[in-house]
Amino acid sequence: MPKAKSDAKAADSRLKRKGAGAGRKQSKKAAKDPNKPKRPPSAFFVFMSEFREQFKKEHPNNKSVAVVGKAGGEKWKSLSDAEKAPFVATAEKKKQEYEKTISAYNKQLEGKNSEEDESDKSKSEVNDDEEDEEEDDDE
């Protein structure tokens with residue numbers, strides 16, 4: 001009978017380890033910058049923003065997002081290239097605006113980085129120099 005107790009303890013410790021999630025690795029993603037401009041919508045998303053408003057007017061009792069998405073996807077597929085052209089043009093304009101803002105954003109980031117990299121010496125070297133000067137003054 002004593003074996004049963006040790007088996008139970010082993011099983012309990014395995015359950016504890018499994019449930020705790022100790023074996024999971026944490027991802028090392030870089031933090032997102034909240035100031036970074038959002039990517040522009042594609043032609044389909046430009047179409048969907050207009051389609052959602054139209055769909056809500058026609059079906060005011062519909063509360064399902066999935067139904068709206070499916071209906072929008074089917075409508076988009078049925079459109080000809082000529083009918084899609086205004087949405088593609090709008091998406092292209094938004095993409096060009098995004099490219100301008102992202103280049104300005106990247107230049108701003110480069111400016112911040114260059115300010116930090118002004119000195120070739122590391123902070124510890126700078127501190128060492130200051131300490132040396134203080135020692136010279138004491139003598």
Side-chain angles (χ1 to χ4, degrees):
M1 293 280 182
K3 265 190 173 178
K5 284 186 180 178
S6 65
D7 289 341
K9 285 184 182 178
D12 287 343
S13 66
R14 275 186 264 144
L15 288 174
K16 285 181 184 175
R17 270 187 257 135
K18 225 178 196 180
R24 292 185 181 166
K25 293 182 181 178
Q26 292 181 355
S27 62
K28 296 181 181 179
K29 282 188 174 180
K32 291 186 179 180
D33 185 1
N35 299 328
K36 186 175 181 179
K38 286 187 175 184
R39 291 177 57 196
S42 65
F44 174 71
F45 282 100
V46 172
F47 163 76
M48 280 302 292
S49 64
E50 189 176 299
F51 180 79
R52 274 188 214 99
E53 294 172 12
Q54 194 177 38
F55 194 83
K56 284 181 183 178
K57 288 178 185 174
E58 294 173 7
H59 308 300
N61 296 332
N62 181 37
K63 302 287 183 191
S64 174
V65 175
V67 171
V68 178
K70 285 182 181 181
E74 290 173 8
K75 175 87 173 177
W76 179 255
K77 287 178 186 176
S78 69
L79 292 177
S80 67
D81 288 340
E83 293 170 322
K84 290 180 183 179
F87 304 110
V88 173
T90 306
E92 194 62 36
K93 273 186 194 175
K94 290 185 178 189
K95 185 178 180 181
Q96 289 173 355
E97 290 172 12
Y98 169 78
E99 288 173 353
K100 288 178 185 176
T101 55
I102 198 73
S103 64
Y105 170 79
N106 288 335
K107 285 179 185 177
Q108 184 181 19
L109 280 182
E110 288 174 9
K112 287 182 181 178
N113 289 341
S114 65
E115 289 173 9
E116 293 173 2
D117 296 338
E118 281 180 8
S119 175
D120 291 341
K121 291 185 177 181
S122 68
K123 290 182 180 180
S124 62
E125 290 175 342
V126 171
N127 290 337
D128 290 344
D129 290 344
E130 290 173 1
E131 289 174 5
D132 290 343
E133 289 174 6
E134 289 174 8
E135 290 174 6
D136 292 341
D137 293 340
D138 291 343
E139 292 175 5

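Note that the structure is a prediction, hence the values are computed from the model and not measured.
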Exercise: identify the closest heavy-atom pair between S42 and A91
C-CB, 3.8 Å
Counting distance only, does the side-chain N/O of E83 pair as donor-acceptor with the main-chain N or O of S80 below 3.5 Å?
yes
As an exercise, state the distance from CZ of F45 to OG1 of T90, rounded to the nearest 0.5 Å.
15.5 Å
Least distance between heavy atoms, V68 atom then R52 atom
CG1-CG, 3.7 Å
Please indicate whether K84 has more than 12 foreign heavy atoms, meaning atoms of other residues, nucleotides or ligands, lying under 6.0 Å from its NZ.
yes
Reported OG1-to-NZ distance for the pair T101 and K36, which is rounded to 0.5 angstrom
11.0 Å
Where do K95 and P40 come nearest, in terms of heavy atoms and distance?
CA-CG, 3.8 Å
Side chains of K94 and P41 in contact at under 4.5 Å (non-hydrogen atoms)
yes
Within a radius of less than 6.0 Å around CG of D81, do more than 12 heavy atoms belonging to other residues, nucleotides or ligands occur?
no
How far does CD1 of I102 sit from CD of Q108, to the nearest 0.5 angstrom?
10.5 Å
Evaluate whether atom CD of E99 has more than 12 neighbouring non-hydrogen atoms of other residues, nucleotides or ligands under 6.0 angstrom away.
yes
With a cut-off of 3.5 Å and sequence neighbours excluded, list every side-chain donor-acceptor pair involving residues 53-63.
| residue | atom | partner | partner atom | Å |
| --- | --- | --- | --- | --- |
| N62 | OD1 | S64 | N | 3.2 |
| N62 | ND2 | S64 | O | 3.4 |

Ring pair (Phe, Tyr, Trp, His ring centres under 6.0 Å) partners of F47, counting only residues at least two apart:
F51, W76, F87
About how many Å separate CD of E110 and NZ of K107, when rounded to the nearest 0.5 Å?
8.5 Å
